[in-house]
Amino acid sequence: MSAPGFTLVVVAAVLYSSGFYLLLQRSLMRVVFGILVLGHAANVSLMLTDRAITLPPLLTEHEGPLSDPLPQAMALTAIVITFGVTTFLLALAYRVWLGDENDEVPADLEDRRIGRLAEPEDSA
Amino acid sequence: MADLESAYPVPAGRADRPGGPPEDWEAPRERWLSTAVRPAFGPRSVLLEVATRLLTPAILTFSVFLLVSGHDRPGGGFAGGLVASMAYVLRYIAGGRHELAAGIPMQPNRLLALGLLLAGGTASAPLLFGRPVLEVVSYTAVLPLFGKVKFASYLLFESGVFLIVVGLVLSVVAALGARMEAEEYEARERGGAWGPEEGGAA
Amino acid sequence: MNALLAIPFVVPLLGAALALLLRRHRRVQAGVAVATLAVVVADTALLLAATADGTVLTSQAGDWEAPLGITIVADPLAALLLAVSSVVLLVVQLYAIGQDIGGLSRAMPQVFHPIYLVLTAGVCLSFLAGDLFNLFVGFEIMLTASYALITQAPTRARVRASMIYTVVSLTSSILFLTGIALVYGLTGTVNLADIAVKLGSAPAELRMVLALLFLVVFGIKSAIVPMHFWLPDSYPVAITRISAIFAALLTKVAVYAIIRSQTLLFGRDDISTVLLCVAIATMLVGIFGALVQDDINRLMSFALVSHIGFMIFGLGVNSVAALAGVVIYLVHHIVVQANLFLVNGLIRQYVGHSSLRSMRGLTTVSPVLALYFFLPAMSLAGIPPLSGFVAKVALFQAGVGTGGWLVYTALAAGVVTSLLTLMAIFRVWARGFWGTPMPDMVEARERLKRGSHLGGLKFMAVMTGVMVVFGVAIAVCAGPLSEVAFTAAHGLMNGSAYIEAVLGSDTR
Amino acid sequence: MRAATLEGTPSRPADLLRPARRTGTAPPPGGRCASVLPMMIDVPMLLPAILALHAVVAVPLPPLVRRLGPRAFLLAGVPPAVSAVWALAQAPAIVAGRAATAEVAWAPALGIGLNFRVDALSLAMIVLVSGIGAVIFCYCAAYFHHGERGLGRLAAVLVLFSGAMLGVVTTDNLFALYVFWELTSVTSFLLVGHDDRKEQARRAATQALVTTAGTGLLMLIGFVMLGHAAGDYSISGLVADPPDGGPWLTVALVLVLAGAFGKSAQVPLHFWLPGAMVAPTPVSAYLHAAAMVKGGVYLVARLAPGFADADLWRWLVLGFGLATMLVGGWRALRQDDLKLLLAYGTVSQLGFLVLLGGAGTQVAGVAMIAMLLAHGFFKSALFLTVGIIDHQTGTRSISRLTGLGRRMPVLAVAATLAAASMAGLPPLVGFVGKEAALEAFVPGAAPAPGPEGSAVMLTGLVLGSILTFAYSARFVWGAFADKSTVSERGFRRPSAAFVAAPVALTAVSLGLGLAPALADPLAQGYAHDLPAGHHAYHLSLWHGITLPLLLTGLVIAAGALMFVRRRAVSRLQNRMPRWPDAEYGYHLFVHGVYSVALSVTRRTQSGSLPVYLGIILATMLLLPGARLAAGLITGEIAVPGVQGAFRLWDSPLELLVAAVVVVTTIATVREHRRFPALILLSVLGFGIAGLFVLHGAPDLALTLVLVETLTTIILVFVLRRLPTTFSVRPNGWAKRLTVLLCAAAGTFIALALWLMTAARTDAPISQGYTERADEAGGDNLVNIILADFRALDTLGEIVVLATAAVAVASLVLLNRRNRVVDEPAAEVAVEAEEEARLSAAAEEHADSVAAHAAAEPALGQGQAPARGAGAEAGEAEMTVRGTAAGPEGAGGESRAEAVGGGPGGGEPAEGGPAGGPRPRPADAPGDAADPGPAPPDPGDTPADSADPPPDPRETPADPDDHEGSDDGRP
């Protein structure tokens with residue numbers, strides 16, 4: 001059979017790369033944006049599995065090859081889940097901001113304490 | 001504490017301060033226009049408020065249509081729920097938190113619980129008869145006025161979805177919109193620094 | 001049969017809805033929660049009894065046959081883990097209620113109970129899912145509930161921790177979804193059994209890519225090195241009952257997913273070299289981390305990471321005996337980790353914190369507490385005759401039985417890890433439990449004894465005791481447990497019983 | 001109470017432990033009363049019952065001791081006494097070769113079973129473990145004081161230990177052996193650490209545990225390998241039919257021997273035994289003379305019949321045994337503390353026993369049994385003697401004791417006899433054993449080590465015996481002699497009951513010496529299984545004028561000379577170069593482990609979320625990514641060809657929308673102002689929706705548009721609070737690396753998608769949905785799937801939504817007192833302080849130590865005393881308490897936080913029950929897990945935390961440091 005159109009593949013690559021890049025930022029809002037972009041990316045990849053442009057999977061309106069409904073259903077579920085979780089992440093970001101007056105993801109204190117402990121060790 | 005109502009009234013201790021609204025302040029339900037409304041974004045626009053109030057029933061009706069017709073046309077519980085909640089979001093944007101509080105039928109948590117009960121109940125009902133979970137039962141009746149009408153249990157299930165989506169959006173708007181607004185208000189009362197008027201997208 | 005399979009996730013959902021409705025009536029709400037979990041415990045016990053002989057039970061949701069509809073499957077492995085998890089969930093629930101009675105917690109009971117029940121549903125659904133996308137949904141239910149739980153009583157530290165936790169989990173979820181897209185792209189199906197069949201005709205190299213990708217996806221959630229960093233930064237910060245249940249169950253569900261995917265889906269492909277290397281790294285890095293921690297909860301979290309390595313080791317050895325060892329280890333570890341975190345919670349109640357830097361003489365402050373800590377800690381270190389020993393022996397036997405230099409290296413790492421675990425635990429014991437109690441600890445104890453919340457505290461202690469007894473019972477019942485484990489392992493290695501049960505049975 | 005226990009318990013546990021399969025006679029008939037008598041006859045099941053009796057008695061002991069005081073130890077002595085009586089009753093049958101067996105099933109699938117088999121060797125060990133155990137329990141009743149701290153716990157653990165030890169010597173399953181073996185390690189840990197307020201006790205206990213459990217783990221692996229090779233985990237089966245050799249078998253034997261050597265304190269693992277002498281003296285007498293340390297000897301002797309033929313085994317056992325014997329003896333000579341003298345003597349004797357047990361010849365076997373019994377009796381008698389001396393005079397230092405012989409003549413005589421047995425003088429059992437031992441290595445007498453080997457061993461044994469004689473003499477002299485240079489100390493006469501125990505044990509030594517025939521059948525019973533020697537040898541006082549007898553004469557002469565010229569010996573010892581200390585090795589090990597752990601953890605656990613996520617991405621590239629790349633390069637993964645499957649786009653419109661999506665995505669990434677980024681993001685969302693429309697997914701597009709709108713609105717809610725611009729990371733290699741990593745990860749995923757979808761062979765299952773849509777009754781396939789075919793997913797999804805909603809609400813709509821923003825200044829301030837300190841420390845790379853010190857001015861002083869050699873218990877505690885109580889000192893605020901667990905003092909966690917409705921919102925105490933406030937305790941750096949590795953030359957834990965007093969100076 002055939003491969004999916006390469007345009008969509010490029011779109012997926014860009015979405016994933018950008019999403020990952022945003023995810024790796026210190027600013028929480030950008031992390032949230034990253035999750036949103038990655039959500040789109042995942043949905044596009046589900047679309048990709050349907051290898052050709054076809055008609056909507058509505059039995060009444062059309063005759064001819066219909067697009068694959070299952071990835072669509074899964075993408076729909078995924079969209080909604082991403083939406084729910086994103087709102088939570090936003091609430092969390094708000095909370096971080098309430099506490100810290102900035103929206104950066106702070107490093108773990110205890111980890112840094114352990115890291116600091118080791119320093120005299122090394123110099124000795 | 002995760003209740004909506006606790007989000008709206010200005011927190012205790014602030015009520016009797018002169019200039020602040022009374023503690024149990026609530027937007028008037030009956031009037032077309034409320035005077036003490038402060039919109040979430042930007043300056044107050046009477047036109048928007050009226051339009052919103054007029055639109056709400058229409059949007060809600062459309063959402064129910066989406067819910068019911070989902071099986072045959074694009075739509076369904078999600079889309080319906082999202083559209084319905086859009087009505088409330090609009091209301092909040094136009095009229096602020098008090099307007100929102102006045103407009104919603106019940107607390108979001110209760111909506112969520114009811115939706116979950118509805119969907120979960122539909123899912124588990126077949127179990128009582130030894131059938132697999134979520135089996136769909138449909139029944140076609142001939143009603144005097146409507147003619148042939150099909151009742152299918154997935155409609156109940158979809159209604160659960162609908163309620164939960166509405167509950168989610170209301171809950172989020174209440175939390176991230178109204179609560180934050182209330183806090184700002186508080187902070188301003190306190191002589192705090194920042195005001196909210198910084199642009200607005202919608 | 002349909003009901004038996006559906007109850008573990010449907011009833012908690014209904015319970016959650018009820019609890020959410022009843023949040024004003026705290027006692028009723030707690031009652032609903034306990035009743036729900038009791039039903040789940042009873043149901044999973046029946047499931048275990050029904051599958052212990054290797055039977056694979058299935059139920060088709062909505063009565064649509066297998067690849068179209070979603071299959072709910074209980075094989076011995078799933079049933080065993082379900083049974084153990086549900087007991088742990090119930091005990092922790094009761095512990096939490098005790099804490100709430102005593103007013104000893106800042107968590108919000110009104111939302112705690114519903115979310116906890118949702119978590120239960122998510123865990124059960126993940127164990128029972130016979131469908132890859134449904135597994136994803138089960139994971140999401142579990143994870144969303146865990147996001148909500150980890151932010152209970154949000155302090156700065158908790159918000160910070162949950163940020164790390166949430167973002168990492170979301171990353172893994174997105175990758176999981178991507179993985180599903182890949183699998184669907186390659187096979188055109190999402191039913192696990194169907195995928196297993198159709199992957200047979202797929203190119204081997206692509207299969208291998210998928211196998212490794214799913215290892216990464218589930219590896220993030222099960223905290224295997226080098227993807228474990230988030231765990232010690234987030235679990236210990238949550239309130240006790242929540243870290244307990246997280247440590248006990250969440251990582252294990254992910255390990256279960258690894259086992260299921262690597263045996264059923266990718267059983268033909270041999271990634272044992274990767275698994276063994278990962279196992280060695282996980283064991284050592286985890287336990288090294290544990291050795292240098294000053295906070296008991298953090299120490300236990302690192303130990304948790306380390307001992308995940310044992311399970312991955314068993315999977316890497318990849319024989320029936322090894323998988324049986326993994327199953328025993330899973331069961332043992334679920335109970336022991338929950339137990340240790342519950343004890344840590346009691347320590348926090350007694351001492352006010354869990355930092356070894358200012359803790360001495362707990363044996364004097366509370367001998368019972370010392371006993372409660374000692375037994376599970378010994379079990380964790382694999383000291384006989386506790387369950388950890390049985391689990392470790394099973395894994396060691398499998399390792400020796402398979403042989404090969406990499407396996408022996410991993411075995412050596414396992415021995416070193418066991419020893420270092422012992423050292424880490426005795427560091428806690430020698431510093432926190434022995435010695436002259438600090439004056440403020442004695443004071444705090446006196447205050448507790450006089451306080452009005454003693455009843456709640458006692459209830460918590462009793463529940464911790466129940467968990468200790470459960471842990472000991474696992475060791476005592478090692479015979480039947482190992483029988484079931486071997487049955488489960490046979491099923492995993494073979495896979496055909498699973499596939500036949502899902503696909504073979506025609507429309508009933 | 002006691003009567004009830006005696007009557008009730010033997011039958012009850014037996015009922016509980018009724019085996020699945022029986023090897024003995026028929027099961028006892030039902031009724032409980034009726035079962036007592038048959039149980040006595042039903043020999044097999046009695047042993048598990050006796051084992052259970054130990055556990056049953058242990059449980060009520062703590063409260064009983066609180067009520068009755070030390071007298072409760074008499075009750076504690078019941079289980080060992082019962083076991084000893086049972087063993088003696090079985091003796092005739094066992095000696096005749098009919099081993100008693102019993103079996104309790106546990107986990108047969110894993111080969112773990114509680115199988116028991118009592119033969120001659122086991123019988124000899126039971127006599128030691130239970131017989132001497134019972135005597136020591138009686139002694140305890142006189143030794144301890146009423147109301148002593150933790151006495152109940154001690155009694156309970158001691159009984160448990162006794163049971164575990166009984167298990168070790170009677171079990172016939174490798175795993176069960178390991179179970180009991182580790183139980184003895186753990187119980188001994190608790191016993192050695194009995195006085196847990198002493199730093200030294202804590203350290204010695206940990207040290208002993210790490211050594212024995214660590215080697216025990218090696219042994220476990222060895223067991224598994226042995227059992228796997230033999231296909232059987234039963235010891236008797238293994239010994240009767242040892243598996244064929246092979247490299248792994250050799251490894252297995254080495255591992256097993258490592259366990260045995262660790263337990264029996266063989267050089268170089270011997271250091272823990274003298275350290276463990278901080279335990280109460282009766283405990284030492286029991287654990288470190290009679291029972292636990294014999295475990296390794298027992299294991300060696302147990303396996304010798306099967307494996308003594310292996311060369312490696314023989315040389316390991318003989319070599320380490322001899323070395324231990326000499327080193328222990330040599331070091332015993334320089335001890336001033338009587339107990340340490342005995343401890344090193346024990347090390348020496350253990351070497352001797354291991355050597356005899358492992359030699360594998362019949363004569364050596366006979367000698368081993370004799371020496372085993374002899375050592376158990378004389379050494380425990382001597383320990384008990386030291387206990388009495390310590391108890392009555394308050395010291396056990398040779399240089400401070402004088403004139404005790406006059407004042408405690410009975411004890412002196414008994415102890416002298418015991419010491420004589422140790423020195424190998426007739427007519428004591430020690431002499432009998434030593435004769436046999438020397439005989440075993442007379443060149444040509446046995447085939448085993450070969451003539452040269454025998455000669456070397458014999459020489460070594462003679463040297464060791466000379467040392468033994470010398471330190472035995474030194475013990476008697478040191479404990480009881482009149483020394484002119486020492487003034488007499490205050491003294492209380494011991495009660496008769498107190499002295500009875502050592503006297504009784506010595507009496508047994510004497511009795512067995514006079515009538516060696518009593519022990520001979522036992523010895524023969526064991527030796528029977530060993531590879532044959534060339535002639536039968538029986539224990540006897542008189543064998544005629546033989547080489548061993550002459551050598552004994554030599555030993556006595558040389559030993560006496562060494563004792564007389566003790567000052568010269570002592571000078572010689574002081575001049576000897578110090579050997580690298582094994583304990584130093586242990587500390588190096590511990591220290592090394594902690595350093596490695598610290599540096600590993602510091603390097604891996606950075607605490608930074610972007611780093612964590614980056615590592616996850618890198619892992620994804622490294623595992624599946626590399627695999628995909630490899631497959632592409634090797635051509636094993638087919639790439640869709642240009643002419644056939646490859647398509648660039650599906651419609652021009654798609655290309656347009658895709659271009660919009662790509663451009664907005666990249667613009668979103670590059671945008672650093674929040675609102676423009678937000679708008680770009682919404683455009684992106686709508687673009688994706690457009691793609692969905694093009695691909696025939698109207699449902700998806702509709703939902704996405706709605707969701708996107710809502711998301712945007714909610715983002716606006718939140719974003720209006722946050723800073724106008726996002727923080728920007730400087731351009732640098734880190735950023736470039738990130739870009740590269742993300743681009744590679746994205747490309748990998750997209751490529752994989754493309755390739756996998758192209759490689760699909762089967763039609764997707766969706767066909768089925770189209771066919772069966774009418775059954776479900778609807779036209780919108782997507783919706784039917786969501787609401788019917790796969791409604792379970794939808795159910796899960798709405799649960800996620802509901803949970804997220806509740807989570808958002810509970811996170812934002814909190815009680816006022818729970819809001820982070822209203823936390824009191826305290827926590828925030830402290831955290832900020834800590835933050836500042838951390839960043840300061842992080843920045844000053846140049847001199848991190850200085851930064852460290854500067855950041856914690858208060859800690860400077862505390863560090864030295866706690867760290868140094870003065871880690872003596874009291875002082876260390878003082879230091880800790882000092883810092884704890886001194887919040888008003890420098891850095892006081894953060895200090896108070898750390899110690900008190902927050903402003904509420906030591907309030908319990910998670911909300912502080914005392915807190916109630918107070919308006920203090922911080923759960924600072926509950927949050928004490930939050931590391932913020934506390935700077936590290938002085939002297940508590942992980943490096944020296946569990947087991948501080950101080951300079952061994954300076955530690956009081958190192959027993960050798962007592963030698964400062966030189967030789968007592970008479």
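Quantities reported herein were computed from a predicted structural model and do not represent experimental measurements. In what follows, every chain begins at residue 1, and chains take the letters A, B, ... in the order their sequences are listed.
Residue B:Val161 forms a side-chain contact (heavy atoms from CB on, under 4.5 Å) with just one option from D:Leu801, D:Leu795, D:Ile798, and that option is D:Ile798. A side-chain contact (heavy atoms from CB on, under 4.5 Å) with D:Val657 is found for one member of D:Val693, D:Val662, D:Leu691 and no other, namely D:Leu691.
Within 6.0 Å of CD on D:Glu775 lie more than 12 heavy atoms contributed by other residues, nucleotides or ligands.
Interface remark: B:Ile164 contributes side-chain atoms only to the contact with chain D (heavy atom separation under 4.5 Å). For D:Ser682, no part lies under 4.5 angstrom from a heavy atom of chain B.
Between the side chain of B:Ser63 and the main chain of B:Gly81, no donor-acceptor pair closer than 3.5 Å is present. Remark: the backbone N or O of B:Arg91 is not paired with any side-chain donor or acceptor of B:Thr52 at under 3.5 angstrom.
Ranked by heavy-atom pairs under 4.5 Å with chain D, the list B:Gly76, B:Gly75, B:Ser69 is led by B:Gly75.
Aromatic pair B:Phe157/B:Phe162: centroids not less than 6.0 angstrom apart.
Taken from CG in B:Leu170 to CD in B:Gln107, the straight-line distance is 11.5 Å, to the nearest 0.5 Å. Atom-to-atom distance recorded for D:Thr712:OG1 and D:Glu708:CD is 5.0 Å, nearest 0.5 angstrom. Note that CZ of B:Phe65 and OG1 of B:Thr61 are 11.5 Å apart. Values are rounded to the nearest 0.5 Å.
Within residues 119-131 of chain B, the residues having any heavy atom less than 4.5 Å from a heavy atom of chain D are, in residue-number order, B:Ala119, B:Gly120, B:Ala123. For residues 697-707 of chain D, a heavy-atom distance under 4.5 Å to chain B picks out D:Pro698, D:Asp699, D:Leu702, D:Thr703, D:Leu706, D:Val707, given by residue number. Proximity to chain B at a heavy-atom threshold of 4.5 Å picks out nothing from residues 663-673 of chain D.
Here the shortest heavy-atom pairing between D:Ala773 and D:Leu781 reads CB-CD2, 3.8 Å. Closest non-hydrogen pair, B:Leu163 versus B:Gly115, comes out as CB-CA, 3.8 Å. Pairing each heavy atom of B:Gly80 with each of B:Leu66, the nearest pair is CA-CB, 3.9 Å.
Looking only at side-chain heavy atoms (C-beta outward), D:Phe686 and D:Thr709 come within less than 4.5 Å of each other.
Screening residues 772-791 of chain D for ring-ring contact (aromatic ring centres under 6.0 Å, His included) gives C:Trp64-D:Phe789, D:Tyr769-D:Phe789 as the qualifying pairs, with residues at least two apart or on separate chains.
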